[in-house]
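First up is the structure itself, then whatever we jot down about it.
Small disclaimer: the values here were computed from a predicted structure and weren't measured.
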Amino acid sequence: MYKSDIKVVDCTVRDGGLMNKWQFDDKFVKGVYTACVEAGVDYMEIGYISSEKSFSRNEVGPWKFCADDDLRRIVGENDTNLKISAMADIGRIDFDDIPPASESLIDMMRVACYAHQTDKAIELAHHCMDKGYEATINLMAVSKVNERDLEEALSDVAQSRVPVFYLVDSFGSMYCETIEHLLKKYISALPDKEIGIHAHNNMQLAMSNTITALMGGATYLDATLLGMGRGAGNCPIEILTAFLKNPKYRLLPLLKVIQEEILPWQQKIDWGYHIPYLVTGALNEHPRSAMSWMDSERKDDFVAFMKEMHDYE
């Protein structure tokens, strides 16, 4: 499946941090960084860039902020081919929180928004680009967006300077047919932009949906080590790497960091395929209710969770 224009984006620390409030120690983050460098991964999304007015460091770890001192402690000057990425959520960061790219180790800012925030996302992405960063817009929860609102958002993005737009299956609710439909819609509306894919694995379809997007023309592929991510997790980067058969990517460094750093976290947090996440995915609902259920003593009572989601009572 060799294609020269593919960019693989590792989101392990950023998306995985949603399961433990980014409370990773330096050894873990350094291990992921080193593996990405050695494996030839194109981008490592090392966390969020957020305003310290919006979150407390007493509650969340450093990778919710990606401060320069924390980044340098992990990557030094990052004198490698790996680019560093961070995600910015609309409403949780101010323009002044973003330093000029010349003063930062971050290469790419990914602006996450909902459909009704598209204009604000474009404004923030343009601000990042004007400061010297690469930028993407990641439109979340598109499975909940009606056609008219989506077409309006795409029209706005088409008129922007932002070069990359992401198809995001936030709830892990999409089948390949939906991915195909949306991808064609995105490419038709945004002919001069690249398309990315960010898939969640609630119904065990993150890998197949990523391949579907790849075959349809997507060039930015998000994935995580052992699928580590919010709720059901994401497309596993080690499977994606094996599938791509691209000589610039190496599998062994990814397996090494999985063995040494990722597996121990499986004893602490329940990401990956579990029935409650299947239920929310099948119902096209946010996984927060399943995450709460998984943290309760009733985590294995699948019937009760299904009935609760359907509000049988």
Practice task
Considering non-hydrogen atoms only, spot the tightest contact between Ala88 and Leu124 and give its length.
Solution key: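 In terms of heavy atoms, the two residues are closest at CB-CD2, 4.1 Å.
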Practice task
Taking all non-hydrogen atoms of both residues into account, name the closest pair between Gly61 and Gln23 and its distance.
Solution key: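 Smallest heavy-atom distance, with atoms named: N-NE2, 3.6 Å.
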Charged N-O contact under 4.0 Å between [X] and [Y]:
X: Lys64; Y: Asp70; value: no
X: Glu147; Y: Lys185; value: yes
X: Asp222; Y: Arg110; value: yes
X: Asp42; Y: Lys248; value: yes
X: Glu59; Y: Lys21; value: no
X: Arg72; Y: Asp68; value: yes
X: Asp25; Y: Lys30; value: no
X: Glu38; Y: Lys256; value: no
X: Asp107; Y: Lys131; value: no

Looking only at the aromatic ring of each residue, does the gap between the centers of [Y] and [X] stay below 6.0 angstrom?
X: His200; Y: Phe171; answer: no
X: His198; Y: Tyr166; answer: no
X: Phe165; Y: Tyr186; answer: yes
X: Trp265; Y: Phe24; answer: yes

Exercise for the section: Starting at CZ of Phe302, measure out to CG of Asp300 and round the result to the nearest 0.5 Å. Expected result: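 Reported value, rounded in 0.5 Å steps: 5.0 Å.
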Are [X] and [Y] linked by a side-chain donor-acceptor pair shorter than 3.5 Å?
X: Asp156; Y: Thr118; value: no
X: Gln204; Y: Asn201; value: yes
X: Tyr33; Y: Asn78; value: yes

Practice task
Start with the C-alpha gap between Lys193 and Ser160, add the side-chain angles, then the distance that decides, and say whether side chain to side chain contact (heavy atoms under 4.5 Å, CB included) holds.
Solution key: CA-CA 10 Å; Lys193 302 186 188 302; Ser160 77; 4.0 Å; yes
